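Since the structure comes first, as structure tokens, the remarks are kept for the end.
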Amino acid sequence: MFLSLRTEAEEALTEALSALSLPTGDLGLEEPPEDVGAILASSVAFRLAGEVGKAPPEVAGELAETIDVADYDYLASVGTQGPYVNFHASDAYYEKTLEAAREDSYGRLEPTGREVVVEHTSANPTGPVHVGRARNPIIGDSIARLLDFAGNDVDRHYYVNDAGRQMAVFTWAYETFDESELPEPDREKADYELVRYYRKGNAVLEDGDEEEVEAAEAEIASIMQGLENGDEDAYERVERVVDTVLGGMRESLSRLPAEFDEFVKETRFIRDGSVDDLVTRLKGLDEAVYEEDAWQLDLPDFEKNLVFLRSDGTSLYTTRDLAHHEWKFEEYDHAVTVLGEDHKLQATQLAAALDLLGNDTDQLDSVFYSYVNLPEGKMSTRAGTGVDLDDLLDEAVARAREEVEVRMDDRIRNDDLSEDDIDRIARQVGIGAVRYDIVSKQPSKAITFEWDRALNFEAQSAPYVQYVHARTCGILSEAQRASENRAAEPRDGEADREPGTVDPALLDSPEERDLIEVIGRFPAVIESAAEDRQPHQIATYTRDFAETFNAFYRERQVLTDDEALTAARLALVAASRHTIANALSVLGVEAPESM
RNA sequence: GGGCACGUAGCUCAGUCCGGAUAGAGCGUCGGACUUCUAAUCCGACGGCCGUGGGUUCGAAUCCCAUCGUGCCCGCCA
């Protein structure tokens with residue numbers, strides 16, 4: 001509804017400007033500060049003052065007078081405050097907003113018909129997911145949810161780097177070492193068990209004796225050649241390692257939760273011949289050069305050449321990724337990729353090469369995030385430094401459980417949480433807190449991981465917002481219980497009133513109006529966040545929402561003796577519940593019904 | 001050396017793309033509110049040369065230039 005209101009304000013302003021023969025290029029429409037009563041405002045008068053030769057407040061006044069709100073449904077009045085033109089919403093606006101938000105799916109935008117692929121995580125399957133990379137699945141999954149909620153048809157892809165040197169090293173190590181030479185795994189889980197081979201292998205390559213290293217390198221090279229030649233045996237050897245490790249990683253990721261529609265292996269593009277075709281096309285480009293036995297692309301605007309075929313004839317990651325992207329462009333209208341900031345240059349080169357190959361690179365969007373570091377430095381799978389995602393999530397749930405138990409004693413609400421409830425709440429709150437902490441920040445900002453900060457359950461965290469949802473559920477179930485009691489002893493006149501009818505005019509206090517306004521903004525927030533691929537905007541909104549709801553909760557008793565008033569406020573609470581539940585769902589944070 | 005990000009209260013962050021109303025939150029500190037629809041909540045106080053210097057503008061945290069600090073990248077790795 002806010003979107004319609006904004007459209008009306010735009011129209012009204014444009015018409016008024018035209019009527020006064022003023023330019024309509026920049027309407028200066030904005031959301032005014034909280035203490036200004038208006039729902040929308042324009043600062044256009046500032047810019048026109050010079051042109052008209054009058055002071056801004058005077059221009060604002062003329063504009064306000066020119067607009068006739070009778071022409072619009074959602075504008076009640078247009079006033080001025082100094083140089084600002086302020087728009088006030090009509091009763092119809094509040095009524096329609098409340099009506100729209102009665103739907104469970106409130107906030108979901110109309111289908112766009114666009115098919116979008118969101119590729120995220122795509123970590124090499126070398127071992128357990130650690131916190132340094134955990135930003136990727138959380139941001140990626142939230143973007144996927146956001147684009148879906150904004151009306152797109154979304155697929156989530158994990159691009160599996162199974163043809164690179166790292167996997168050849170891993171395969172060699174797995175086949176070479178005996179488990180008896182390895183330390184105990186940190187967990188009884190495939191990725192934890194296998195990463196021991198990978199670490200051992202890398203240690204040997206680094207410090208082993210010359211002969212051993214030489215033999216290993218020969219084996220690694222033969223595996224890579226085998227993959228490049230489409231050798232079925234090499235493929236199966238690597239696949240066994242890849243699929244096993246990936247299986248373990250998937251389990252961890254699903255806890256976030258981050259699920260995928262498809263795991264796309266890069267060997268696929270070697271095996272189906274598309275890499276060969278691509279190499280042929282690349283060689284044919286004017287920018288292609290053959291230097292030092294390797295085929296390269298002399299990209300304009302880039303200092304160094306991009307090698308796309310090694311001197312031994314094998315392809316490189318970027319070569320295969322080019323084929324991968326052309327495939328995505330064929331299958332989807334739009335492709336979004338979530339990448340670590342260290343891939344920025346590579347991503348720009350990829351786009352430049354795709355452009356040379358005749359693709360429309362507007363179809364591609366990259367979102368970059370900066371890695372999470374430990375206070376003592378970087379996390380690395382190979383070196384075994386870092387905090388595993390599983391450990392972080394376990395710790396989060398354990399701490400949340402402690403909180404639940406501490407709070408049990410001074411709970412007012414007498415609803416006897418069962419052991420299952422405690423488990424559920426601990427999981428929802430603990431994992432929600434981790435996820436929310438990450439998704440609520442701009443991806444470009446650096447994060448240093450600290451236990452206490454990541455697991456803070458206080459305000460501006462998931463539990464703060466989840467609590468609001470639990471409150472709405474508590475009120476609604478209380479109302480349900482009361483109405484069932486009444487139904488048991490029917491009173492005269494009770495049947496006259498439709499249970500579903502509410503009179504929104506009763507919701508006229510500032511707290512109620514503010515709450516409806518915040519609810520009304522939700523679809524616009526979804527639209528903007530989806531447009532910018534910025535799920536953190538939704539997190540910021542949930543905090544605003546929670547604050548506004550809490551003010552309403554503090555000042556206005558919902559369940560009263562006044563039935564009509566109670567019905568109206570219950571409708572507002574239900575609308576609030578849908579809004580906050582959907583916002584949390586876009587963030588991938590669970591919405592507990594009690595906590 | 002070159003390129004790209006980031007720098008806002010003691011700490012963690014919104015706001016920056018698209019310039020507008022006294023720069024907003026939370027944590028921490030101090031002081032208040034549970035016999036109530038859930039206190040994981042709420043109310044109040046304290047706290048800011050928006051890294052620094054210039055410029056553009058009626059107006060700059062926001063745009064431009066310079067500069068400092070931090071991170072990332074500049075491989076026939078991924």
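Side chains are part of it too, since the values below use all heavy atoms of this structure and drop only hydrogens, waters and symmetry mates. Here is how names work: the chains are called A, B, and so on, in the same order as the sequence lines, proteins then strands, and each is numbered from 1. As the structure is a computational prediction, the values presented were derived from the model and not from experiment.
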Pairwise [atom1] distance, [M] and [N] [rounded to whole Å]:
N: B:A40; M: B:C27; atom1: P; value: 14 Å
N: B:G54; M: B:C49; atom1: C1'; value: 15 Å
N: B:A78; M: B:A14; atom1: C1'; value: 35 Å
N: B:U35; M: B:U16; atom1: P; value: 43 Å
N: B:G19; M: B:C72; atom1: C1'; value: 30 Å
N: B:C68; M: B:G53; atom1: C1'; value: 10 Å
N: B:C74; M: B:A60; atom1: P; value: 40 Å
N: B:C30; M: B:G69; atom1: C1'; value: 34 Å

Quick one: which of [options] gets closest to the side chain of [X]?
X: A:R47; options: B:C77, B:C58, B:C37; value: B:C58
X: A:V36; options: B:C73, B:A21, B:A78; value: B:A21
X: A:P32; options: B:U41, B:A25, B:A21; value: B:A21
X: A:L345; options: B:C18, B:C73, B:A78; value: B:C73
X: A:E303; options: B:A78, B:U41, B:G2; value: B:G2
X: A:V558; options: B:C37, B:C13, B:C42; value: B:C37
X: A:E403; options: B:U12, B:A40, B:A78; value: B:A40
X: A:K445; options: B:G15, B:A21, B:U8; value: B:U8
X: A:K344; options: B:C77, B:G2, B:C4; value: B:C4
X: A:N86; options: B:A40, B:A21, B:C76; value: B:A21

Within the 4.0 Å heavy-atom criterion, would you say [X] contacts the bases, only the backbone, or no part of the nucleic acid?
X: A:V429; value: base
X: A:A41; value: base
X: A:V468; value: nothing
X: A:F46; value: base
X: A:R556; value: base
X: A:L559; value: base
X: A:Q296; value: nothing
X: A:A470; value: base

Respond yes when some side-chain nitrogen or oxygen of [X] is under 4.0 Å from OP1 or OP2 of [N], and no when none is.
X: A:Y159; N: B:A78; value: no
X: A:Y436; N: B:G26; value: no
X: A:N550; N: B:C42; value: yes
X: A:Q349; N: B:C73; value: no
X: A:R165; N: B:G75; value: no
X: A:R471; N: B:A40; value: no

Original post:
Tell me, do A:T126 and A:V245 make a side-chain contact under 4.5 Å, heavy atoms counted?
Top reply: no

Whether [Y] and [X] form a salt bridge (side-chain N of Lys/Arg under 4.0 Å from carboxylate O of Asp/Glu) is what I want to check.
X: A:R399; Y: A:E403; result: no
X: A:E217; Y: A:R165; result: yes
X: A:E31; Y: A:R521; result: yes

What is the separation between atom [atom1] on [X] and atom [atom2] on [N], rounded to the nearest whole Å?
X: A:Q466; N: B:A40; atom1: CD; atom2: P; answer: 13 Å
X: A:F368; N: B:A5; atom1: CZ; atom2: P; answer: 11 Å
X: A:D321; N: B:A78; atom1: CG; atom2: P; answer: 11 Å
X: A:N373; N: B:U12; atom1: CG; atom2: C1'; answer: 17 Å
X: A:F302; N: B:C73; atom1: CZ; atom2: P; answer: 17 Å
X: A:E30; N: B:C18; atom1: CD; atom2: P; answer: 16 Å
X: A:E531; N: B:C17; atom1: CD; atom2: P; answer: 16 Å
X: A:H536; N: B:U12; atom1: NE2; atom2: C1'; answer: 15 Å

Whom does [N] pair with, Watson-Crick or G-U wobble, provided both distances fall under 3.5 Å?
N: B:U16; answer: none
N: B:A66; answer: B:U52
N: B:G1; answer: B:C74
N: B:G44; answer: B:C30

Original post:
On a plain distance test, is the side chain of A:Q460 in donor-acceptor contact with the base of B:A25 below 3.5 Å?
Top reply: yes

Original post:
Does A:S370 make a side-chain donor-acceptor contact with the base of B:C72, cut-off 3.5 Å?
Top reply: no

**OP:** Using the closest heavy atom to pick a nucleotide of RNA chain B for each, name whichever of A:S440 or A:R554 lands nearer the 5' end.
**Re:** A:S440

Original post:
For RNA chain B, whose closest nucleotide is more 5', that of A:V85 or that of A:F552?
Top reply: A:V85

Original post:
Is it true that atom CD of A:E531 has more than 12 heavy atoms of other residues, nucleotides or ligands lying nearer than 6.0 Å?
Top reply: no

Original post:
Do we see a donor-acceptor contact under 3.5 Å between the side chains of A:T560 and A:D562?
Top reply: no

Subject >> Flag, side chain of A:Y371 to backbone of A:I447, donor-acceptor distance under 3.5 Å >> reply: no

Original post:
Distance-only, no hydrogens or angles: does the A:R135 side chain make a donor-acceptor pair with backbone N or O of A:G140 under 3.5 Å?
Top reply: no

Subject >> From A:W295 atom CH2 to A:L306 atom CG, the distance as rounded to the nearest 0.5 Å >> reply: 14.0 Å

**OP:** Measure the CE-CD distance between A:M167 and A:E266 for me, rounded to the nearest 0.5 Å.
**Re:** 10.0 Å

